[in-house]
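When a ligand or atom number is given, it counts from 1 through the structure's own listing order.
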Amino acid sequence: MYDYIIIGAGVVGSAIARELSLYQAKTLVLEKENDVANVQSLANSAIVHSGHNPEPNSLKARLSVWGNKLYEEMEKELDIPLLRTGAYVVAHNAEEERQLEELTELARINQVPEFKILSFEEALKDEPNLSKTVTKVLSLPTTKVTYPWEVAFAAMENALINGVEFIKNALVTGIKKEFDYFVVTVNNHIEYQCRYLINSAGVASDDIAGLIEKNVPFHITGRKGEYFVIDKRAKGFVNHILYPLPTELGKGVLITPQYHGEILLGPNSELVEDKYLPTTSFAGLAYVKEHAAMLADNIPFNQIIRSFAGIRSTADYDDFYIKESLEVKGLFHLGGIDSPGLTACFAIAKYLVNEVMNVDNIYQLNPDFNPYRKKRVMFHKLSDVEKQVLIKEEPMYGNIICKCEKITEKEILEAMRGPLGSNTIKGIKKRTRAGAGLCQGGYCEEKIVKMISKEFNLSPMDIAYDKENTKLFTQETKVLKK
Ligand SMILES: Cc1cc2nc3c(=O)[nH]c(=O)nc-3n(C[C@H](O)[C@H](O)[C@H](O)COP(=O)(O)OP(=O)(O)OC[C@H]3O[C@@H](n4cnc5c(N)ncnc54)[C@H](O)[C@@H]3O)c2cc1C
């Protein structure tokens, strides 16, 4: 019997797992995918927003301002990447300047630190490619960029060393309450029991609620966002995140410098019927190009290396829905965790555990809790001297497998090993960035297939790009047999 079962290992489920590991409670995380952060937490803008635009007094406002601050702590404890860009929200004319004033008032009420209005000339000093049609900007210095997959890995790895259990490929298919405990069915046949159940299933959170509740208190609609990725050769094209003014569709198409040097253009915002199918479209990407061009001049569209889409879990409830079930005691919902869910994830976890579930009153603190996660080696970021020392200790650091991102054999091996290790091409890419650069895996994928094959004793025919149904090969082609 577990004390807690968490359904879903996105950034929110992973942050909750870590928060619960502070207590002497037995916690299990069930994730339907073969990895953490494979759905909403996989495909987003990666921005840690300042909290400048949610409705005052909403949970979104409170948890994003708090969450933004918590990232500073998590950088130290969990080695989470942070790029301190700051952000500019731009206005183009008198009417938009009036809206910018209103937004500034929201930022003030939400207690966003250090914001100020800048003239076009002041903003241009730091952003030479800012569109010449811009007249004023709202500067938000606390806005920053993280690396969302790493946020989930960091939180989950830390939860695991503090005693949490994690099962992947575990699709929750049934929930029953018997006496004072839950029976959670996975993949239609395996059962787990727990005292308290946490529904952190993102776009599926209403479907999970529907497995046990007659009247689900919120309904999720998918809202797709599409992106272009510009190669890191364009690093420095913009230094701040550039936002347009927000509309009822959200924060709009942005230009966002990424932690590892690329630049994201997007997202659009389109309601979709199938909330599980994040496909890109010609029309959506054309919209992204057109709207990005309103923020900056000379966008290097010729350096686009890929496009992708993510689907926001938008609820009919007008805020994050973080509450105990009205029908089933001990069941807790996290519904409608769309943007700023990445920003707020650590604050959401603390809010849920301390203010909604009051875990303090139920379980003692875990005296052995270790808040720190072992730092990952990013070989290419080291000085030449540090590199030489490492290569002497471990020659596999001297073998570069991914030339675009300069990822070494040792880093890839590390990504395959450990409790959160992976044996898929995408899993290795998420952990190391091998395959994320200019050639998009054209050079290194074949080498990584051989490494996975050796490490896990798998035939290349059995190696998947990502999910089970994405095997890389259907039959042998021209392979030299030794
Ligand atoms: C286009 C886009 C842009 C965004 N930009 C930003 C941004 O810049 N900043 C920001 O703060 N936020 C942003 N967000 C929002 C942010 O990405 C989400 O709020 C956050 O990732 C939500 O995390 P989560 O853990 O709740 O959901 P998810 O990451 O979706 O995790 C839910 C998990 O539940 C699992 N699951 C579902 N059903 C089951 C089941 N039956 N059994 C077991 N497991 C199950 C899923 O597989 C999934 O892994 C953006 C979102 C999108 C889509």
Side-chain angles (χ1 to χ4, degrees), residues 5-17 29-51 54 60 63-64 67-68 71 87 143-146 148-149 151-152 155-156 166-175 184-188 198-211 220 222-227 241 243 250-254 256 258 264 266-270 272 275-276 278 284 288 308-315 320-322 333-349 467:
I5 288 183
I6 301 169
I7 305 172
V11 288
V12 174
S14 304
I16 295 169
V29 183
L30 297 171
E31 169 54 55
K32 72 171 163 55
E33 300 281 313
N34 61 359
D35 204 353
V36 302
N38 244 16
V39 188
Q40 242 192 132
S41 304
L42 178 75
N44 54 62
S45 304
I47 301 171
V48 180
H49 297 288
S50 64
K60 283 191 176 180
L63 299 182
S64 54
N68 181 304
Y71 265 89
T143 311
K144 39 199 164 257
V145 172
T146 183
W149 318 337
V151 174
M156 188 61 82
F166 171 61
I167 306 181
K168 58 187 178 180
N169 298 315
L171 173 75
V172 171
T173 48
I175 303 172
V184 179
T185 308
V186 163
N187 300 334
N188 292 310
I198 297 166
N199 167 16
S200 179
V203 287
S205 51
D206 55 347
D207 301 332
I208 290 289
L211 293 175
I220 303 289
R223 209 159 40 85
K224 186 167 74 169
E226 294 162 73
Y227 294 88
I241 297 156
Y243 295 92
K251 295 181 196 70
V253 171
L254 327 171
T256 310
Q258 295 291 287
L264 285 192
N268 58 340
S269 178
E270 187 200 336
V272 284
K275 60 185 184 178
Y276 297 103
V288 165
F308 67 91
I311 297 188
R312 306 169 183 89
S313 58
T314 298
F320 291 151
Y321 188 95
I322 307 177
H333 295 305
L334 292 111
I337 313 290
D338 55 3
S339 186
L342 171 66
T343 306
C345 63
F346 293 109
I348 289 175
K467 298 170 209 276

Using only atom types and a distance under 3.5 Å, with no angle test, would you say the side chain of S41 pairs donor to acceptor with the backbone of G10? no
To the nearest 0.5 Å, atom CD1 of I6 lies from atom CG of L334 at 9.5 Å
So NZ of K168 and CG of D35: to nearest 0.5 Å the spacing works out to 6.5 Å
Q. Short question: side chain of D206, backbone of I220 - any donor-acceptor pair under 3.5 Å?
A. yes
* To do: Report yes if the side chains of S45 and Y243 come closer than 4.5 Å at any heavy-atom pair, otherwise no.
  => no
Any heavy atom of V186 under 4.0 Å from ligand 1? The part involved is neither
Of all protein heavy atoms, the one nearest atom 19 (O) of ligand 1 is I337 O, 2.8 Å
Quick look: A344 vs ligand 1, heavy-atom contacts under 4.0 Å, and the answer is neither
heavy-atom search around atom 34 (O) of ligand 1 in the protein gives G8 CA, 3.2 Å
When rounded to the nearest 0.5 Å, the distance separating CG of N187 from OG1 of T173 is 6.5 Å
When distances are taken from atom 5 (N) of ligand 1, the protein heavy atom at minimum range is S45 N, 3.2 Å
Do the side chain of N268 and the main chain of V288 share a donor and acceptor less than 3.5 angstrom apart?
no
At under 4.0 Å between heavy atoms, what of A170 touches ligand 1? The answer is backbone
Here the atoms of ligand 1 under 4.0 Å from any heavy atom belonging to A43 are 1 (C), 2 (C), 52 (C), 53 (C)
- prompt: Do S205 and Y321 get their side chains close enough for a donor-acceptor pair, meaning under 3.5 Å?
  reply: no
for atom 52 (C) of ligand 1, nearest protein heavy atom and its distance come out as R312 CG, 3.4 Å
Rounding to 0.5 Å, atoms NZ (K32) and CD1 (I7) come to a distance of 12.0 Å
- Task: Verify the distance criterion only: is there a donor paired with an acceptor across the side chains of S339 and K251 at less than 3.5 Å?
- Result: yes
Here the atoms of ligand 1 under 4.0 Å from any heavy atom belonging to V11 are 20 (C), 21 (O), 23 (O), 25 (O)
Taking only non-hydrogen atoms of P340 and a 4.0 Å limit, the atoms of ligand 1 in range are 10 (C), 11 (O), 12 (N)
Regarding T343 and N68, do their side chains bring together a donor and an acceptor under 3.5 Å, going by distance alone?
no
Filtering S200, G266, G202, S41 for the heavy atom nearest atom 23 (O) of ligand 1 leaves S41
A student checking ligand 1 against A46 at a 4.0 Å heavy-atom cut-off should list atoms 8 (O)
Taken in chain and number order and not counting sequence neighbours, the residues that satisfy salt bridge (charged side-chain N to carboxylate O under 4.0 Å, His left out) with K467 are E33
Contact region, L30 to ligand 1, non-hydrogen atoms below 4.0 Å, reads backbone
The option among H49, E31, Q40, K32 carrying the non-hydrogen atom nearest to atom 48 (C) of ligand 1 is E31
The single option from E226, R223, K224 that satisfies side-chain hydrogen bond (donor to acceptor under 3.5 Å, both in side chains) with S269 is R223
A student checking ligand 1 against A204 at a 4.0 Å heavy-atom cut-off should list atoms 37 (C), 38 (N)
Any heavy atom of S313 under 4.0 Å from ligand 1? The part involved is neither
The atoms of ligand 1 lying under 4.0 Å from a heavy atom of T343, numbered in the order shown, are 9 (N), 10 (C), 11 (O)
among protein heavy atoms, the one nearest atom 40 (C) of ligand 1 is V172 N, 3.7 Å
Here the atoms of ligand 1 under 4.0 Å from any heavy atom belonging to I208 are 40 (C), 41 (N)
Counting only nitrogen or oxygen atoms and a 3.5 angstrom limit, does V12 reach ligand 1? yes
for atom 1 (C) of ligand 1, nearest protein heavy atom and its distance come out as Y227 OH, 3.4 Å
Out of L342, D35, N44, I47, the nearest non-hydrogen contact to atom 9 (N) of ligand 1 is supplied by I47
Logged contact type for D338 with ligand 1, heavy-atom cut-off 4.0 Å, is backbone
Between E31 and G8 (side chain of the first, backbone of the second, donor and acceptor by atom type, cut-off under 3.5 Å), is there such a pair? no
Ligand 1 atoms nearer than 4.0 angstrom to some heavy atom of G341 are 11 (O), 12 (N), 19 (O)
